[in-house]
Asks: 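Here it is: the structure, laid out below.
Hydrogens, waters and symmetry mates play no part in the numbers below; they use all other heavy atoms, side chains included.
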Protein chains: 2
Amino acid sequence: MRALCMPQGLSPIELTKLEALICSARSVQRGEALYRSGDRFDNIYAVRSGSMKTVMAHRDGREQVTGLRLAGEALGLDGIGEDVHACSAVALEDSTVCIVPYPALKSLCREIGSMQDRLHKLLGEQIVREAGQMMVLGSLSADERVAAFLLDVSERNARRGYSSAEFNLRMTREDMGSYLGMTLETVSRTLSRFQKRGLVDTQGKHIRIVDLEGLQKV
Amino acid sequence: MRALCMPQGLSPIELTKLEALICSARSVQRGEALYRSGDRFDNIYAVRSGSMKTVMAHRDGREQVTGLRLAGEALGLDGIGEDVHACSAVALEDSTVCIVPYPALKSLCREIGSMQDRLHKLLGEQIVREAGQMMVLGSLSADERVAAFLLDVSERNARRGYSSAEFNLRMTREDMGSYLGMTLETVSRTLSRFQKRGLVDTQGKHIRIVDLEGLQKV
DNA sequence: CGTTTAATTGAGGAAAGTCAAGTGAAGTGG
DNA sequence: CCACTTCACTTGACTTTCCTCAATTAAACG
């Protein structure tokens, strides 16, 4: 659990302090929201098991998936800016999260320099990740977007010690499409074409990457 | 200058401490890079005068404008995540920036709680802003993107005490297009159409918003 | 004031979206 | 545990939006 909740580089002492901080865990049913856009920001979360999506809504009701969080990844940073969550976080499958109260985390960051660094990195990485996604949405073709997405998930799986070649993606085609700025039909067609070209092997939500290099060259 | 470099809510004492931190200012010529993608991350900046764009490059060389910074806004946060800048920052006109050394800022954040809050907010706001841009790129039509962009710049101008109705945008149509995920021709056509519909009045880089409500309804 | 760079506009084409029908997978209740 | 209902996915035909290429005009910089 330690490894899952706050994976990177803290000393044992720091981990103990952090563990004291994590008051509780919570389980979230598939489709249920851990928090909603507009909710007061109290906690940062770490996905312990399962996976979640973050969703942002335009005033006219249109929704866009802004992120995917796999087990081990942080969640909730969208609340720091305005003391209120800017996105909603919805479970893609039955999941559990660790709860890290933000005020306590802030104090800890003032006590322990490496904890401060860790939080800053978390925030900074999120900024870079999102800038990368802006690049995907703004500059890549549909094929390139889907390929980039599969490679991203693959790499994140690898980092968590799972297979980079084969995984279950609990998002629907619609979620993927929303995240990638295209329709669910285009996602489906693109995956079918990739399959014909021998790049991937998809059966619904189960995805196997057959030709990694080929996918990188798309 | 105080107001420009770190506008929001610090006590006078804190401001003094912060000022001690801002070792220097720097001027950047139009077209010149304040920092480049890959440069080591040492400082955060605040635009003191002028304006800048941030640009991210794909490995194949394609570039995407990922942000616009007006006077008074923070710059350089894309370096925190990896100790290396993920974007390049290029001046859109002759500009000056305040330089805030990051290590010193970190220390100050451990001393002064409100400074820590301020930095967290800066990071958090950036995260929310970028998520909003993902939404723009992923869900809006060309017309809606241009309208949203003009309204965003207008609002940011207002917040800085300038006219919300009339301003100079030093970006080229190509920069705007890149930021909004469309071609420069489409930007140009869209602005022309807006002009015919009596929503805006543009003459090159000078933009006047004629019908704010109309623009919001696009 | 001339030269370079940026912006506008038009015509034609390509990529992705929409609508629609059919198939398959998954969750629910008897 | 199976049948049923619902939801998700795939595929095709057609439409729309935006992009590409090209020519012209306007603005900006040295």
Asks: May I ask you to say what B:R145 touches in the nucleic acid, namely base, sugar-phosphate or nothing, with a heavy-atom cut-off under 4.0 Å?
Replies: nothing

Asks: Using a strict 4.0 Å threshold on nitrogen-to-oxygen distance, state whether A:E155 and A:R159 make a salt bridge.
Replies: yes

Asks: Just compare C:dT8, D:dC19, C:dA16 and give me whichever is closest to any side-chain atom of B:T202.
Replies: C:dT8

Asks: Is the base of C:dC19 touched by the side chain of A:E185 through a donor-acceptor pair closer than 3.5 angstrom?
Replies: yes

Asks: So, does A:K205 get its side chain near the phosphate of D:dC9, meaning an N or O under 4.0 Å from OP1 or OP2?
Replies: yes

Asks: Inspect the contact between A:E73 and A:R156 and indicate whether a charged nitrogen and a carboxylate oxygen are less than 4.0 angstrom apart.
Replies: yes

Asks: Measure from the ring center of A:F149 to the ring center of A:Y179 and say whether it is less than 6.0 Å.
Replies: yes

Asks: Take the protein atom CG of B:L184 and the nucleotide atom C1' of D:dA27, then report the distance between them rounded to whole Å.
Replies: 15 Å

Asks: Would B:F167 and B:Y162 count as a close aromatic pair, with their ring centres under 6.0 Å?
Replies: no

Asks: With a 4.0 Å cutoff (strictly under), does any side-chain N or O of B:S192 reach OP1 or OP2 of C:dT9?
Replies: yes

Asks: Would you classify A:L191 as touching base, sugar-phosphate or nothing, given that sugar-phosphate means primed atoms plus P, OP1 and OP2, and contacts are heavy atoms under 4.0 Å?
Replies: nothing

Asks: When you measure from the side-chain N and O atoms of B:R173 to the phosphate of C:dT5, is any distance below 4.0 Å, counting only OP1 and OP2?
Replies: no

Asks: Please confirm whether the shortest side-chain N or O distance from B:T186 to OP1 or OP2 of D:dC19 is below 4.0 Å.
Replies: yes

Asks: For A:F194 and D:dT10, what is the distance between atoms CZ and P respectively, to the nearest whole Å?
Replies: 13 Å

Asks: With no angle test and no hydrogens, is the base of D:dT20 tied to the side chain of B:R189 by a donor-acceptor pair under 3.5 Å?
Replies: yes

Asks: For B:Q203 and A:G181, find the nucleotide of DNA chain C closest to each by heavy atoms; which residue's nucleotide sits nearer the 5' end?
Replies: B:Q203

Asks: Of the options C:dA7, C:dA16, D:dC19, whose atoms approach the side-chain atoms of B:T172 most closely?
Replies: C:dA7

Asks: Rounded to whole Å, please give me the gap between CE in B:M182 and C1' in C:dA16.
Replies: 16 Å

Asks: Measure CZ/B:R170 against P/D:dA27 and give the value in whole Å, please.
Replies: 15 Å

Asks: Return the value, rounded to whole Å, for the distance between atom CD of B:E32 and atom P of D:dC29.
Replies: 16 Å

Asks: Whole angstroms only, please: what is the CG-P distance between B:L140 and D:dT17?
Replies: 15 Å

Asks: In terms of the angle between their ring planes, are A:Y35 and A:Y45 parallel, tilted or perpendicular, with boundaries placed at 30° and 60°?
Replies: parallel

Asks: B:E144 CD to D:dC18 P: how many Å, rounded?
Replies: 9 Å

Asks: So does A:E174 reach the base of D:dC7 with its side chain, donor to acceptor, closer than 3.5 Å?
Replies: no

Asks: Calculate the interatomic distance between B:M176 atom CE and C:dA6 atom P; express it in whole Å.
Replies: 15 Å

